[in-house]
Amino acid sequence: MKKAPYQPTSAYVHIPFCTQICYYCDFAKVYIKNQPVDAYITALLAEVAAENIRELNTLYIGGGTPTALSAEQLDRLLSGLTQHLDLSKLQEFTVEANPGDLSDEKIAVLKKNQVNRVSLGVQTFNDKLLKKIGRSHSAQDVFDNVAKLRAAGFNNITIDLIYALPGQTMADVKQDIKHILSLNLPHVALYSLILENHTIFMNKMRRGRLDLPSEDTDFEMYNYIIDSLEAAGYDHYEISNFGKTGYESAHNLMYWDNAEYYGFGAGASGYVNGVRYKNHVPIHHYLEHADKQAVEEKLTQKEQMAEELFLGLRKKSGVNTKQFSEKFNQDFEVIYGQIVANLIEKQLLEQSGDYIFMTRQGLMLGNSVFEAFILDDE
Ligand code: SF4
């Protein structure tokens, strides 16, 4: 039990099962076959029920792949959540889905249980590249799913894409953007491939067998993506996220606003009462432990300020320095004035009124900007 005097109004629920293991993925997940899925759902619902949660504003079911569950399991999960949680004020209820797993039955289960936003893990529309990164769906599955979701009344659909994939060319990226635009979805997120440890891609890389695009091509792709989507009316409201007006993700904005939230499920992270915590993982540890939290970290004020900046600067609107000073009872200008001036001189940051925000160049070199704000311990 997290016992927050002030209660968060967002929750993340983790489903750690997948019907395939993608070559680039380092999330907390396992191949679903022979896993104790029903016991996991029971434990997860018990974890949620133990928390005295008041009205939620956003609820996000991610993974893993929530749609790796059978329609019955998905229904037990979602109807259990809707019973245990007060969703009367819920603004956004997102479920992540894998295009290959999303059957008519599962779409009906989502609809029945108040889900109002579906996030499809598309990655690319190029079938050859999909195979190359370990995905089991095809581009046609995506078109079929979007049509079925729309027919079922889902308008708020977002897709995730990855660029700078092995062997991917500028022409491939242009083709992906063409497909996105043809679908006319209200939201899309595009991420540059990141090589993570303990992934098949990292092994290949170490053996010199991964033909990644150069950094220059990566930047060229990112520039092209931003220009094309902005020209098509999408607001580039966060480093990797693009939305039509009114379709920005309320749940993700909550993270970037450095707000607190509950995290449920194996390996899920939460942030309640100034404490960041992470639940037990792997699944059998999560099932065995009555207290689901494995790690708790009370953040110092310096860490909280750094997080506020890293997260806030991801947004196009950036960070309001006046509100920052009030929140932390510290003078932003005194602490960060020189750092901001240096970053402005390097054309990585801009300032307008009380706001600081990243330039296009800053967005591309985000880590250099974030690192500059890390203060030495006195
Ligand atoms: S990318 Fe998604 S579907 Fe693929 S292994 Fe990771 S969590 Fe599972």
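Atoms within a ligand are numbered from 1 in the order they appear, just like the ligands themselves.
- Taking a cut-off of under 4.0 Å to the non-hydrogen atoms of Gly64, the atoms of ligand 1 that pass are 7 (S).
- The line from CG of Leu348 to OG of Ser368 is 6.5 Å long, rounded to the nearest 0.5 Å.
- Counting only protein atoms, the N, O or S atoms lying less than 2.8 Å from atom 4 (Fe) of ligand 1 are Cys22 SG, ordered by chain and residue number.
- Cluster note: Trp256 groups with Tyr12, Tyr60, Tyr237, Leu253, Met254, Tyr255, Tyr261, Tyr271, Leu299, Leu311 through ILVMFWY side-chain heavy atoms spaced under 4.5 Å, whether in direct contact or through intervening members.
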Checklist line | Lys327 and Glu308: CA distance, side-chain angles, deciding distance, salt bridge (charged side-chain N to carboxylate O under 4.0 Å, His left out) verdict | finding: CA-CA 10 Å; Lys327 179 170 178 178; Glu308 183 94 2; 2.8 Å; yes
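- Side-chain contact of Gln293 with Asn279: a donor-acceptor pair under 3.5 Å is absent, judged by distance alone.
- Electrostatic pairing of Glu307 and Arg276 counts as a salt bridge here, judged by a charged N lying under 4.0 Å from a carboxylate O.
- Side-chain contact, Tyr355 with Glu350: no donor N or O sits under 3.5 Å from an acceptor N or O.
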